Student: 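Here it is, the structure, as structure tokens.
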Amino acid sequence: MAEEKLTTRSEDFSEWYNQIVLKAEMADYAPVRGCMVVRPYGWALWENIVSALDKEFKATGHVNAAFPTLIPMSFFEKEKEHVEGFAPELAVVTHGGGEKLEEPLVVRPTSETIIGYMYSKWVKSWRDLPILIVQWGSVLRWEMRTKLFLRTSEFYWHEGHTAHATKDEALEEMYRILDIYENFAVNEAALPVIKGRKSDTEKFAGAQITTSIECMMQDKRALQSGTSHYFGQNFAKAFDIQYLDTNNTLQFCETTSWAISSRIIGAIIMTHGDDQGLVLPPRLAPIQAVIVPIYKNDAEKSKVMETANRIFAELKAAGIRLKMDDRDNVSSGFKFNDWEMRGVPVRVEIGPRDVEKGSVALARRDRPGKEGKSFVPQTNLAAAVSGLLVEIQSALLARATAFRDANIHEPKDYEELKQVVQDGWAFSYWCGSKECEARVKEDTKATTRNIPLDQPKGEARCIVCGEKAAQKVYFAKAY
RNA sequence: CGGGGUGUGGCUCAGACCGGUAGAGCGCACGGUUCGGGUCCGUGAGGUCGAGAGUUCAAAUCUCUCCACCCCGACCA
């Protein structure tokens with residue numbers, strides 16, 4: 001149950017976040033270092049995320065499958081960059097059944113290797129391609145500093161792994177998925193995101209191209225909210241994924257992989273939450289509306305509950321995800337705060353006065369307090385609530401977009417860049433060199449987030465070194 | 001792995017300098033009261049004081065060793 005006041009965002013953003021996660025009962029600390037327990041309310045949100053994405057993947061020809069959690073250590077050693085990238089964070093199983101294993105097994109930090117191994121068995125002919133498989137599950141990475149949802153040792157995700165005959169098809173797949181991610185983020189989670197390509201230093205271990213969607217949190221730090229990678233033939237060569245083309249010539253496949261993790265829940269919290277607690281986008285909220293009946297004696301209770309139950313049935317029939325809060329051991333004021341902490345988009349208050357007047361009070365979560373409360377007639381309430389849910393969904397996106405845009409700067413020189421990334425993002429021309437990128441990181445702790453796919457025409461000078469630059473990049477401090 | 005900190009009912013902590021009957025608030029259970037923005041009262045359950053060793057008639061408290069967790073830095077979805 002939610003307790004007293006929340007630490008405010010301005011007091012301590014990080015503490016505010018921790019408290020929301022715990023008080024809204026999204027997750028809790030597990031007895032294992034760096035691990036979390038996703039509680040039912042948090043998992044219900046995750047399930048809504050899963051089903052929205054799953055629907056899109058299936059609509060684009062993907063199928064789900066499951067691969068083992070344990071991967072032979074030797075598999076990791078087959079792709080040089082991959083093993084170098086992941087070696088420091090592997091958990092390794094050395095014993096089984098009381099005996100030392102002949103070969104240690106790695107608890108998967110990601111599944112490119114074992115899936116690559118299987119693909120090499122399955123792919124023989126151009127007719128076997130493409131393979132478009134998605135695995136939903138969890139992975140384990142031995143993280144040094146963890147934070148609920150944002151970075152835990154074990155986390156939940158899907159990982160898509162595809163194999164194609166040609167480079168063009170693989171690239172097309174990578175971008176198709178990035179579009180799905182963008183659509184999901186914007187339309188379901190109300191997260192304004194920027195699609196772009198990662199710099200060489202920021203890309204995935206073993207990838208030729210890594211793309212991402214990046215989102216600005218309310219503390220103005222960036223959060224990578226989804227990634228899609230093109231591997232070229234790197235993994236195909238490491239795992240011998242080959243097919244015979246129509247000319248009977250042996251060819252290596254082109255592969256991709258992509259993921260959105262439970263981290264996206266952290267993005268939703270840090271983008272939409274306020275000082276009252278969580279604010280959930282209606283399309284993903286496990287509970288879209290809560291009914292709070294108000295009464296002070298049994299006579300009032302029976303009258304109010306009769307109306308409340310009738311309204312509950314109407315809203316339920318309209319397909320609204322709904323909760324009746326009929327607890328009578330807590331006051332209604334407590335309930336208001338409690339549901340605000342949990343981020344329920346719409347609250348329907350029904351008291352004796354409403355029963356008399358044939359009205360209800362509707363409170364919208366994106367505008368807490370009196371401002372967001374209105375009295376509306378009971379007739380056609382389902383339509384009113386549905387309409388309000390749509391309105392809240394778009395209001396959240398609009399607010400987050402305005403906030404982001406207000407905090408993206410285009411500094412005129414390097415001095416100004418160093419300033420703006422302390423409390424915002426910089427969008428600047430960059431020559432593409434590792435040296436300039438490293439210098440920015442050294443001087444400011446900000447890194448390149450991504451090079452947006454939509455680039456302005458023309459070229460200019462690199463903000464750091466002044467050499468010719470053909471592309472603009474976002475610099476920001478990131479999670 | 002470096003630097004800092006903390007371990008006492010479910011949670012937040014007091015008690016420790018100066019050794020002597022384990023405490024408070026919140027939460028929880030029960031009864032009543034209240035309910036249009038975090039009600040109030042009463043009763044009650046609940047603790048090997050992180051672990052081990054030592055000093056002492058006596059240790060939550062003093063000494064030593066160990067362990068765990070948190071915060072700050074280097075890696076990451």
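A quick note: this is a predicted structure, and the numbers were derived from the prediction, not measured. Just so we're on the same page: letters track the sequence lines, and every chain starts at 1.
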Student: Look through every strand shown and name the nucleotide pairing with C66(B) as Watson-Crick or G-U wobble, where both distances are under 3.5 Å.
Tutor: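 In the structure as shown, C66(B) has G50(B) as its Watson-Crick or wobble partner.
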Student: With C1' as the reference atom in both, quote the distance from G15(B) to G47(B) in angstrom, rounded to an integer.
Tutor: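 Per the computed distance, 14 Å lies between those C1' atoms.
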Student: Can you tell me the Watson-Crick or wobble partner of A22(B), both distances under 3.5 angstrom?
Tutor: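 In the structure as shown, A22(B) has no Watson-Crick or wobble partner.
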Student: What nucleotide, of G38(B), C35(B), A77(B), holds the atom closest to the side chain of Thr227(A)?
Tutor: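 Closest nucleotide among those given: A77(B).
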Student: Could you tell me how the ring of Phe57(A) sits relative to the ring of Tyr181(A): parallel (under 30°), tilted (30 to 60°) or perpendicular (over 60°)?
Tutor: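 Phe57(A) vs Tyr181(A) ring planes: perpendicular.
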Student: Which value, in whole Å, describes the distance between the C1' atoms of nucleotides G50(B) and G9(B)?
Tutor: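 Their C1' atoms lie roughly 15 Å apart.
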Student: Quick one: is the NZ or CZ of Lys78(A) closer than 6.0 Å to the six-membered ring centre of Phe76(A), and within 45° of its axis?
Tutor: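 No - Lys78(A) does not lie over the ring of Phe76(A) by the 6.0 Å and 45° rule.
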Student: Any base atoms under 4.0 Å from Phe375(A), or only sugar-phosphate, or nothing? Heavy atoms, all strands.
Tutor: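 Base, at least one base heavy atom under 4.0 Å.
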Student: Could you pick out which residue, Asn18(A) or Tyr295(A), lies toward the 5' side of RNA chain B when each is mapped onto its nearest nucleotide?
Tutor: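 Checking each residue's closest nucleotide, the 5'-ward one belongs to Tyr295(A).
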Student: At under 4.0 Å between heavy atoms, what does Thr152(A) touch on the DNA or RNA strands: base, sugar-phosphate, or nothing?
Tutor: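 Answer is base: heavy atoms of Thr152(A) come under 4.0 Å of a base.
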Student: What contact category does Lys147(A) fall into here, base, sugar-phosphate, or nothing, at under 4.0 angstrom with non-hydrogen atoms?
Tutor: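 No contact.
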Student: Considering every strand and a 4.0 Å limit on heavy-atom distances, what is the contact class for Asp328(A): base, sugar-phosphate, or nothing?
Tutor: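 Base contact.
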Student: Expressed as a whole number of angstroms, how long is the span from Phe336(A):CZ to G36(B):P?
Tutor: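 Result: 7 Å.
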Student: Could you say whether the aromatic ring of Phe155(A) and the base of A77(B) stack, counting only centre distances under 5.5 Å and plane angles under 30°?
Tutor: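 Whether judged by distance or by angle, Phe155(A) passes, so it stacks on the base of A77(B).
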Student: So, the side chain of Lys418(A) versus the backbone of Thr444(A): is there a donor-acceptor pair under 3.5 Å, distance only?
Tutor: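 No; judged by distance alone, with no hydrogens or angles, the pair does not exist.
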Student: Round to a whole Å and report the spacing from CG of Asp12(A) to C1' of C71(B).
Tutor: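 Whole-Å distance recorded here is 11 Å.
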Student: Would you tell me whether Lys195(A) and Asn450(A) have side-chain atoms, one donor and one acceptor, within less than 3.5 Å of each other?
Tutor: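 Per modelled atom types, Lys195(A) and Asn450(A) side chains form no pair under 3.5 Å.
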Student: Between G3(B) and G44(B), how far apart are the two C1' atoms, rounded to whole Å?
Tutor: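 That atom pair is separated by 47 Å.
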Student: Taking the six-membered ring of Phe336(A), is NZ or CZ of Arg347(A) closer than 6.0 Å to its centre and within 45° of its axis?
Tutor: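 Checked: cation-pi criterion met.
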Student: How about Phe239(A) and Tyr119(A): are their ring centroids closer than 6.0 Å?
Tutor: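 When the ring centroids of Phe239(A) and Tyr119(A) are compared, they turn out to be at least 6.0 Å apart.
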Student: What's the gap between C76(B) and A24(B) when it is taken at their C1' atoms, as a whole Å value?
Tutor: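 Taking atom C1' in both C76(B) and A24(B), they lie 43 Å apart.
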Student: N/O contacts under 3.5 Å, protein versus nucleotides 74-76 of chain B?
Tutor:
{"unit_1": "C76(B)", "atom_1": "O2", "unit_2": "Arg151(A)", "atom_2": "NE", "d": "2.8"}
{"unit_1": "C76(B)", "atom_1": "N3", "unit_2": "Arg151(A)", "atom_2": "NE", "d": "3.1"}
{"unit_1": "C76(B)", "atom_1": "N3", "unit_2": "Arg151(A)", "atom_2": "NH2", "d": "3.3"}

Student: Work out how far the C1' atom of C13(B) is from that of A22(B), and round it to whole angstrom.
Tutor: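 One C1' to the other, the span is 14 Å.
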Student: Considering every strand shown, what is the Watson-Crick or G-U wobble mate of G36(B) when both distances are under 3.5 Å?
Tutor: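 Here G36(B) is not engaged in any pair, so there is no nucleotide opposite it.
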Student: Figure out the NZ/P separation between Lys296(A) and G37(B), and round it to whole Å.
Tutor: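 Going from NZ in Lys296(A) over to P in G37(B) covers 11 Å.
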Student: Check the phosphate of U39(B) against Ser331(A), side-chain N and O only, distance under 4.0 Å to OP1 or OP2. Yes or no?
Tutor: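 For U39(B), OP1/OP2 do have a side-chain N/O of Ser331(A) under 4.0 Å.
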Student: Cut-off 3.5 Å, side chains only: do Asn64(A) and Gln135(A) have a donor facing an acceptor?
Tutor: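 No, no side-chain donor-acceptor pair sits under 3.5 Å.
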Student: How far, in whole Å, is A60(B) from C49(B) if one measures between their P atoms?
Tutor: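 The answer is 7 Å between these two P atoms.
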Student: For U43(B), which nucleotide in any strand shown is its Watson-Crick or wobble partner with both distances under 3.5 Å?
Tutor: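 Here U43(B) is engaged in a pair, and the nucleotide opposite it is A29(B).
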Student: What is the nucleic acid contact for Glu300(A), judged by heavy atoms within less than 4.0 Å: base, sugar-phosphate only, or nothing?
Tutor: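 Nothing: the residue Glu300(A), judged by heavy atoms under 4.0 Å, touches no strand.
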Student: For His229(A) and Thr146(A), find the nucleotide of RNA chain B closest to each by heavy atoms; which residue's nucleotide sits nearer the 5' end?
Tutor: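 That would be Thr146(A).
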Student: Taking the same atom, C1', in G10(B) and in U56(B), what whole-Å distance lies between them?
Tutor: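 The answer is 35 Å between these two C1' atoms.
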Student: Counting only non-hydrogen atoms, which of residues 349-369 of chain A are less than 4.0 Å from RNA chain B?
Tutor: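 Nucleic-acid contacts, sorted: Glu349(A), Gly351(A), Pro352(A), Arg353(A), Asp354(A), Ala361(A).
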Student: Searching all strands shown, indicate the nucleotide that pairs with A60(B) (Watson-Crick or G-U wobble; both distances under 3.5 Å).
Tutor: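 By the stated definition (distances under 3.5 Å), nothing pairs with A60(B).
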Student: In Å and rounded to the nearest 0.5 Å, what is the OG1 to CD distance from Thr256(A) to Glu173(A)?
Tutor: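 The CD atom of Glu173(A) is 5.0 Å from OG1 of Thr256(A), to the nearest 0.5 Å.
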Student: Could you tell me how far apart Gln135(A) (CD) and A77(B) (P) are, to the nearest whole angstrom?
Tutor: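 These atoms are roughly 18 Å apart.
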Student: Which value, in whole Å, describes the distance between the P atoms of nucleotides G42(B) and U33(B)?
Tutor: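 Looking at atom P only, G42(B) and U33(B) are 16 Å apart.
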Student: Using both distances under 3.5 Å as the test, list the Watson-Crick or G-U wobble partner of A74(B), or none.
Tutor: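 Pair assignment: A74(B) / none.
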Student: Take atom CZ of Phe334(A) and atom P of U33(B), then tell me their distance rounded to the nearest Å.
Tutor: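 These atoms are roughly 21 Å apart.
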Student: Run through His161(A), His229(A), His62(A) and flag the one making a ring pair (Phe, Tyr, Trp, His ring centres under 6.0 Å) with Trp258(A).
Tutor: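 Passing option: His62(A).
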Student: Rounding to a whole Å, what distance do you find between Glu159(A):CD and A77(B):C1'?
Tutor: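 Nearest whole value for this atom pair: 11 Å.
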Student: Tell me: CG of Asp298(A) to P of U34(B), nearest whole Å?
Tutor: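 Distance, rounded to whole Å: 11 Å.
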Student: Whole Å only: how far is the CD1 atom of Ile291(A) from the C1' atom of G36(B)?
Tutor: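 It is 16 Å, rounded to the nearest whole Å.
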Student: Whether the side chain of Asp354(A) engages the backbone of Gly351(A) through a donor-acceptor N/O pair (distance < 3.5 Å, no angle test) should be reported.
Tutor: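 Yes: the side chain of Asp354(A) pairs with the backbone of Gly351(A).
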Student: Taking atom CD1 of Ile49(A) and atom CD1 of Ile260(A), what is their separation to the nearest 0.5 Å?
Tutor: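 Reported to 0.5 Å precision, the distance equals 8.5 Å.
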Student: Centres of the Trp136(A) and Tyr156(A) rings: under 6.0 Å?
Tutor: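 Centroid distance Trp136(A)-Tyr156(A): not below 6.0 Å, so no.
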